[in-house]
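Working notes, beginning with the structure itself.
Every heavy atom of this structure was used, including side-chain atoms; hydrogens, water molecules and symmetry mates were not. Numbering starts at 1 and runs along the sequence shown.
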Amino acid sequence: MTKHIFVTGGVASSLGKGLTASSLGRLLKARGLKVTMQKLDPYLNVDPGTMNPFEHGEVFVTDDGGETDLDLGHYERFIDENLSRGSNATTGSIYSAVIAAERRGDYLGKTVQVIPHITDEIKRRINALAGEDVDVVITEIGGTVGDIEILPFLEAIRQFRLDIGRENVAYVHVTLVPFIGPSGEQKTKPTQHSVTELRSRGIQPDAIVCRSEQPISDDLKRKISNLCDVPVQGVINAADASSLYEIPLVVHDEGLDNFLCTLLHIDAGEPDLTAWRALVHKVESAKRPVRIGIIGKYVTLVDAYLSVVESLNHAAIHEGASVEIDWIQAEQVEGLLAAGRLRDLDGIVIPGGFGERGIEGKIAAAGYARDNAIPCLGLCLGMQVMTIEYARNALAMTGANSTEFDASTPYPVIDLMQSQRDVTEKGGTMRLGAYVAELQEGSQVARLYGRTIVSERHRHRYEFNPRFRSRFDDSDFVCSGASPDGRLVEFIELTGHPFWVGTQAHPEFKSRPDRPAPLFAGFMTAALDRVEGRNPQLIDLDKALDQVS
């Protein structure tokens with residue numbers, strides 16, 4: 001029978017519940033178990049797709065088109081499994097499902113209440129991930145114990161243990177052990193209060209993961225054990241680590257996975273962490289600095305570009321390099337160009353986004369990279385601004401733009417396709433999820449991927465306008481990848497440039513720490529060539545491909 005592990009948090013947000021859950025998933029998978037993961041979020045939005053990036057951070061997209069919480073990115077990167085929209089549920093989506101069922105008459109006129117109807121829907125979402133092909137489901141509960149929004153979720157997971165048997169469920173509670181400077185002590189009282197609050201909801205944690213700046217003593221562990229009624233083996237210290245990829249090793253050394261396997265009667269051998277330890281060693285030994293500018297609209301909240309940053313780190317790790325991110329506000333680019341700030345960058349990434357703000361700055365950055373042979377990678381909107389820049393400045397299409405930003409542009413090189421106009425009128429808005437593309441034989445992108453048929457995830461409304469493709473085809477601008485029917489341009493590149501490549505997709509969503517996304521690998525190779533002053537006419541694509549494989 002599928003085992004379930006629920007991860008809750010207390011005291012403060014951003015303690016690392018997602019990374020703790022992801023690390024546990026990595027350790028269990030390393031034991032040969034089949035693991036999947038889920039995030040239950042207490043906010044009323046149906047999904048994070050319409051939420052402000054400054055408030056929520058990145059929207060992570062799954063293969064099946066789910067717009068989900070950024071923690072699913074951590075899950076996928078750690079357990080190396082593609083998750084689905086079923087791996088993220090919100091209070092909004094749960095209430096929407098229950099209300100829709102009530103309107104259909106599914107409840108036969110009964111009074112619809114939080115208990116049992118909302119809690120039953122939550123349990124249904126959890127059960128949906130279980131099955132014969134899944135050994136363990138790890139479910140993270142968003143928010144912190146004590147939040148009013150979290151109560152239905154806590155009640156649901158309390159009932160869940162009763163439903164499927166105590167031996168099949170474990171509760172892991174992540175909490176804070178702060179260091180109080182004036183007294184020079186680490187304090188357990190926040191942990192005690194958090195566990196008391198959790199127990200008042202009917203849940204006794206089986207394990208407590210104590211977050212702290214410095215390691216806590218065995219005496220403190222015993223104190224927490226005694227006061228919180230948790231075996232001392234279940235008191236796990238996750239002190240701050242130098243790298244997030246070190247966390248699985250930290251919690252394994254503390255014995256979390258062994259403790260839970262014993263508790264849940266999981267018969268599995270010791271985890272094979274050889275490859276993961278080698279990865280951490282690469283991270284710790286990376287010495288070659290490479291400076292990458294990210295030209296963004298939401299740079300004041302770095303979580304808005306979390307997968308982009310991690311993909312850069314993945315590519316750098318395999319080159320023995322260490323990325324230094326220069327966060328550049330897109331609205332300020334034109335002023336920064338005059339000041340020469342972009343001149344010292346080794347590479348430029350132009351990530352996705354929505355809306356007109358900062359667009360001219362992104363276009364200027366794409367042009368500067370093209371004119372000065374600086375490696376440039378455009379992602380989604382990034383590819384679109386690269387197209388606009390080339391149309392304006394290389395093809396003499398004055399005023400070229402996207403109809404998203406200028407409905408009356410004389411050259412709408414980026415536009416809504418008719419099929420998208422139709423679905424927009426019916427309520428749909430975007431191309432979401434994984435789509436297949438065919439790459440041009442011999443192109444840079446084909447050599448980086450090592451094949452001509454690829455699949456990447458999308459999240460956008462606007463496309464390269466095929467009406468203008470012939471104008472580009474007669475230039476050094478190469479449409480090097482397209483949809484199987486040839487209608488939609490998916491990849492672009494520039495002949496004779498070290499690396500000026502854009503994609504309508506978001507390859508950052510499929511990058512892994514031990515298997516970097518091919519475009520990021522190629523971009524990093526080109527950036528390091530610039531660091532070392534070689535700056536060849538074309539990047540060593542075979543070398544980049546070796547790094548990916």
Side-chain angles (χ1 to χ4, degrees), residues 1-10 13 15-29 33-43 47-48 60 62 66 68-76 78-79 81-94 97 118-131 133-145 147 149-174 198 201-209 251 256-257 260-261 263-264 266:
M1 185 174 185
T2 301
K3 307 292 185 178
H4 290 263
I5 299 172
F6 295 101
V7 180
T8 58
S13 59
L15 281 182
K17 293 193 308 296
L19 288 171
T20 299
S22 301
S23 298
L24 182 56
R26 177 77 244 176
L27 294 173
L28 295 178
K29 186 175 179 181
L33 299 170
K34 297 176 182 176
V35 180
T36 192
M37 300 187 67
Q38 181 181 48
K39 176 75 178 291
L40 302 180
D41 274 309
Y43 49 75
D47 63 45
F60 187 83
T62 56
T68 71
D69 185 82
L70 58 82
D71 272 320
L72 267 72
H74 288 311
Y75 301 166
E76 286 203 1
F78 274 66
I79 69 172
E81 298 286 347
N82 292 332
L83 303 179
S84 70
R85 62 173 70 241
S87 286
N88 194 198
T90 69
T91 295
S93 69
I94 289 162
I118 296 298
T119 50
D120 282 353
E121 176 63 17
I122 294 171
K123 290 190 290 183
R124 187 192 69 77
R125 303 285 182 105
I126 297 168
N127 260 324
L129 294 186
D133 60 339
V134 177
D135 296 313
V136 182
V137 177
I138 301 174
T139 301
E140 176 192 351
I141 311 298
T144 58
V145 173
D147 296 343
E149 301 96 335
I150 205 177
L151 297 181
F153 294 100
L154 296 180
E155 174 61 18
I157 66 173
R158 182 197 67 78
Q159 294 178 14
F160 199 81
R161 189 178 224 179
L162 186 64
D163 291 346
I164 71 169
R166 299 186 64 83
E167 70 281 3
N168 298 314
V169 173
Y171 302 113
V172 176
H173 191 53
V174 182
L198 186 62
R201 302 301 172 187
I203 297 173
Q204 167 63 44
D206 298 296
I208 299 174
V209 176
V251 297
L256 179 61
D257 51 322
L260 291 175
C261 284
L263 181 74
L264 293 171
I266 295 174

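Closest non-hydrogen pair, I122 versus A156, comes out as CG2-CB, 3.6 Å. The two atoms that bring V169 and D206 nearest to each other are O-OD2, 4.2 Å, heavy atoms only. Heavy atoms only, all atoms of each residue included: A21 and V7 are closest at CB-CG2, 4.1 Å. The shortest heavy-atom contact between D69 and F60 is O-CB, 3.6 Å. Taking both residues in full, the closest heavy atoms of G142 and I150 are given as O-CD1, 3.2 Å, listed atom of the first, atom of the second, then distance. Looking at every heavy atom in both residues, T62 comes nearest to T68 through CG2-CG2, 4.1 Å.
With values rounded to the nearest 0.5 angstrom, I164 atom CD1 is found 7.0 Å from N127 atom CG. Between the CG atom of L263 and the CD1 atom of I5 there is a distance of 9.0 Å, given to the nearest 0.5 Å. Atom-to-atom distance recorded for D257:CG and S23:OG is 10.5 Å, nearest 0.5 angstrom. Within the model, atoms CD of E149 and CG of D41 stand 11.0 Å from one another, a figure rounded to the nearest 0.5 Å. Expressed to the nearest 0.5 Å, how far CG of L40 lies from CG of N88 amounts to 8.0 Å. Once rounded to the nearest 0.5 Å, the distance linking CD1 of I141 with NE2 of H173 reads 12.0 Å.
For the pair D47/S93, no side-chain contact is recorded, criterion being any heavy-atom separation below 4.5 Å from C-beta on. Side-chain contact check for F78 versus L19: some heavy-atom pair is nearer than 4.5 Å. Using a 4.5 Å cut-off on side-chain heavy atoms (C-beta onward), D71 and H74 make contact. Side-chain contact between Y171 and R161: present, with at least one pair of heavy atoms (C-beta onward) separated by less than 4.5 Å. Using a 4.5 Å heavy-atom cutoff, the side chains of E81 and V35 are not in contact. I157 places none of its side-chain heavy atoms less than 4.5 Å from the side chain of T139. Contact check for I203 versus V145: no side-chain heavy atoms found under the 4.5 Å cut-off. Taking 4.5 Å as the limit, some side-chain heavy atom of K39 sits within range of a side-chain heavy atom of L72.
Between L24 and the options L256, V136, V251, V209, a side chain to side chain contact (heavy atoms under 4.5 Å, CB included) holds for only L256.
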Is there a side chain to side chain contact (heavy atoms under 4.5 Å, CB included) between K3 and D135 once you walk through the steps?
CA-CA 6 Å; K3 307 292 185 178; D135 296 313; over 6 Å; no
Start with the C-alpha gap between C261 and L28, add the side-chain angles, then the distance that decides, and say whether side chain to side chain contact (heavy atoms under 4.5 Å, CB included) holds.
CA-CA 9 Å; C261 284; L28 295 178; 3.8 Å; yes
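The backbone N or O of S13 sits nowhere less than 3.5 Å from a side-chain atom of T144 that would complete a donor-acceptor pair.
Counting heavy atoms of neighbouring residues, nucleotides and ligands inside a 6.0 Å radius, atom NZ of K123 exceeds 12 of them.
Relative ring orientation between F6 and H4 is described as parallel, the plane-to-plane angle staying below 30° on a 0-90° scale split at 30° and 60°.
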